[in-house]
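These notes concern the structure reproduced below.
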Amino acid sequence: MRSTSPLIDAFDRKITYLRLSVTDRCDLRCSYCMPERMQFLPKKEVLSLEELHALAKAFIARGVTKIRLTGGEPLVRRDVIRLVQALGGELGNGLEELTLTTNGTQLARHAQALADAGVRRVNVSLDTRDPALFAKLTRRDELGRVLNGIAAAKAAGLHVKINTVALKDLNQAEIPVLMQWAHAQDCDMTLIEVMPLGEVEGDRVDHFLPLAAVRDELEQRFVLTPLVERTGGPSRYVRVGETGGKLGFITPLTNNFCAGCNRVRVTATGQLYACLGGAEKVDLRAALRSDDPEGQVAKALDEAMRIKPERHHFVIAEGSESVLERHMSVTGG
Ligand code: SAM
Ligand code: SF4
């Protein structure tokens, strides 16, 4: 019989949010995320769409109410819309929200199908609106497609949140205008600190920009009023007086947000990472492909609750680049 007991970890945190990576592949090569010659996984190692659906159902049965599809780039996975439609069918049956984090390059052709399947909001990653800087940061000349994707998502009725990694000397000066642009088209925006995940070319430490500094700079020009709302995640939000929009700050390296953590991450190969900043994991693919998938998945989820660490262990400093060997594109952002 399928286990239905809620997912509660050793620190009494209830896990209600699953970030599910559907592929490690991507059509961009953001310099802080992956090297140009990224080694992608052989396809047979990646879970099938049916396996991803079965896993999602097991999580929903145990109290997960929100699923975010991510990657790599989720929309480059062939037939991913079939999975979105299948998961959309779970909305109202325990699942309350189905969302997606995307780089936006494929959004124009999928926005309507996402909305039709029950997706209401998407996060689109955009670090700059300067075509030359975009091409430099992502190593691909695709800004136009991303901006079209954002427009198509809005036209399909999706709420769009812009996620921007703050990068010293790169997009640092543009952040205020990017925020004004986002808010002018009714998009919330979240700023993210660069995290030490996976080998990349160049030195990420050089571009690490503490968000406290960005906030100080913004406060010279805008009135930022802290909002009390919390998502169980690492975001802290403010309302920007001059634009009326919402601005979030994700500061995993400078703040401790772990006490209210409500999430786990599953990679495209079915590895459940109990913490983005830790190595603790269980193998859900082995469980799924065993003789007793339901029993073994339930057991693996119990184990994940046992090993979820109390807090993350990120470090970023000279010489400590890549303390964690997996890329964000593997665990999903
Ligand atoms: N490809 C999709 C996208 O870019 O939105 C989804 C996956 S991507 C890994 C998710 C988020 O992680 C993006 O907003 C990206 O900017 C962010 N990201 C990637 N590597 C990062 C790093 N080392 N530190 C902080 N954020 C990172
Ligand atoms: Fe691809 Fe997203 Fe990583 Fe950029 S951040 S390379 S879009 S997975």
Side-chain angles (χ1 to χ4, degrees), residues 19-41 68-77 80 99-107 110 121-128 134-143 145-146 149-150 153 160-168 170-171 178 182 188-211 233-235 248-254 263 265-268 273 276-277 312 314-316 320-333:
R19 296 173 82 109
L20 183 58
S21 173
V22 302
T23 179
D24 65 323
R25 287 165 198 259
C26 190
D27 53 348
L28 299 183
R29 291 289 182 281
C30 303
S31 51
Y32 50 75
C33 179
M34 55 173 84
E36 174 63 61
R37 289 168 197 278
M38 180 73 178
Q39 197 67 48
F40 294 116
L41 294 163
R68 175 177 298 282
L69 301 181
T70 179
E73 172 46 42
L75 295 180
V76 301
R77 169 110 194 220
V80 69
T99 61
L100 182 94
T101 297
T102 173
N103 65 24
T105 61
Q106 315 291 318
L107 203 45
H110 291 310
R121 50 184 78 237
V122 293
N123 288 356
V124 180
S125 302
L126 181 68
D127 299 334
T128 177
F134 184 95
K136 177 177 165 176
L137 285 177
T138 66
R139 304 192 186 97
R140 300 291 184 271
D141 188 11
E142 299 285 11
L143 177 65
R145 283 175 65 201
V146 174
I150 292 171
V160 176
K161 180 159 77 76
I162 304 292
N163 281 345
T164 303
V165 176
L167 298 160
K168 191 163 101 191
L170 294 172
N171 66 356
L178 195 57
D188 292 335
M189 181 181 186
T190 296
L191 295 169
I192 307 172
E193 267 173 6
V194 76
M195 294 179 241
L197 297 174
E199 283 297 334
V200 294
E201 291 130 357
D203 197 346
R204 232 173 341 219
V205 179
D206 286 350
H207 297 297
F208 177 66
L209 176 59
L211 291 187
S235 268
F249 297 88
I250 299 190
T251 56
L253 300 169
T254 50
R263 62 195 60 193
R265 296 173 158 80
V266 174
T267 70
Y273 281 96
L276 179 64
H312 71 69
F314 284 120
V315 191
I316 192 164
S320 74
E321 183 78 340
S322 298
V323 285
L324 295 166
E325 47 188 57
R326 61 186 194 271
H327 291 88
M328 186 75 112
S329 59
V330 173
T331 336

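Just follow the structure's listing: the first ligand is 1, and inside any ligand the first atom is 1. Both backbone and side-chain heavy atoms feed into the values below; hydrogens, waters and symmetry mates do not.
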Can you sort out which atoms of ligand 1 are near Asn103, meaning under 4.0 Å from one of its heavy atoms? 2 (C), 3 (C), 4 (O), 5 (O)

Sub-4.0 Å atoms of ligand 1 with respect to non-hydrogen atoms of Glu193: 25 (C)

Verify side chain to side chain donor-acceptor pair (under 3.5 Å) between Glu73 and Thr102, making sure each step is shown before the conclusion. CA-CA 6 Å; Glu73 172 46 42; Thr102 173; 2.7 Å; yes

Within a radius of less than 6.0 Å around CD of Glu36, do more than 12 heavy atoms belonging to other residues, nucleotides or ligands occur? yes

Identify the closest protein heavy atom to atom 3 (Fe) of ligand 2: which residue and atom is it, and at what distance? Cys33 SG, 2.4 Å

For atom 2 (Fe) of ligand 2, what's the nearest protein heavy-atom neighbour? Residue, atom name and distance, please. Cys26 SG, 4.4 Å

How long is the span from the CG atom in Leu143 to the OG1 atom in Thr105, to the nearest 0.5 Å? 11.5 Å

Could you say whether the N/O atoms of Met195 and ligand 1 ever approach to under 3.5 Å? yes

With respect to Thr101, determine whether any N or O atom, backbone or side chain, lies less than 3.5 Å from an N or O atom of ligand 1. no

Assess Met34 for proximity to ligand 1: is some non-hydrogen atom of it under 4.0 Å away? no

Taking [X] for the side chain and [Y] for the main chain, is one N or O donor matched with an acceptor at less than 3.5 Å?
{"X": "Asn171", "Y": "Thr128", "value": "no"}
{"X": "Arg265", "Y": "Tyr273", "value": "no"}
{"X": "Arg77", "Y": "Val22", "value": "yes"}

Taking only heavy atoms of Met34, which atoms of ligand 2 are found under 4.0 Å from at least one of them? 6 (S)

Evaluating non-hydrogen atoms only, which member of Gly72, Gly104, Cys33 is closest to atom 7 (C) of ligand 1? Gly72

Is any N, O or S atom of Cys30 under 2.8 Å away from atom 3 (Fe) of ligand 2? no

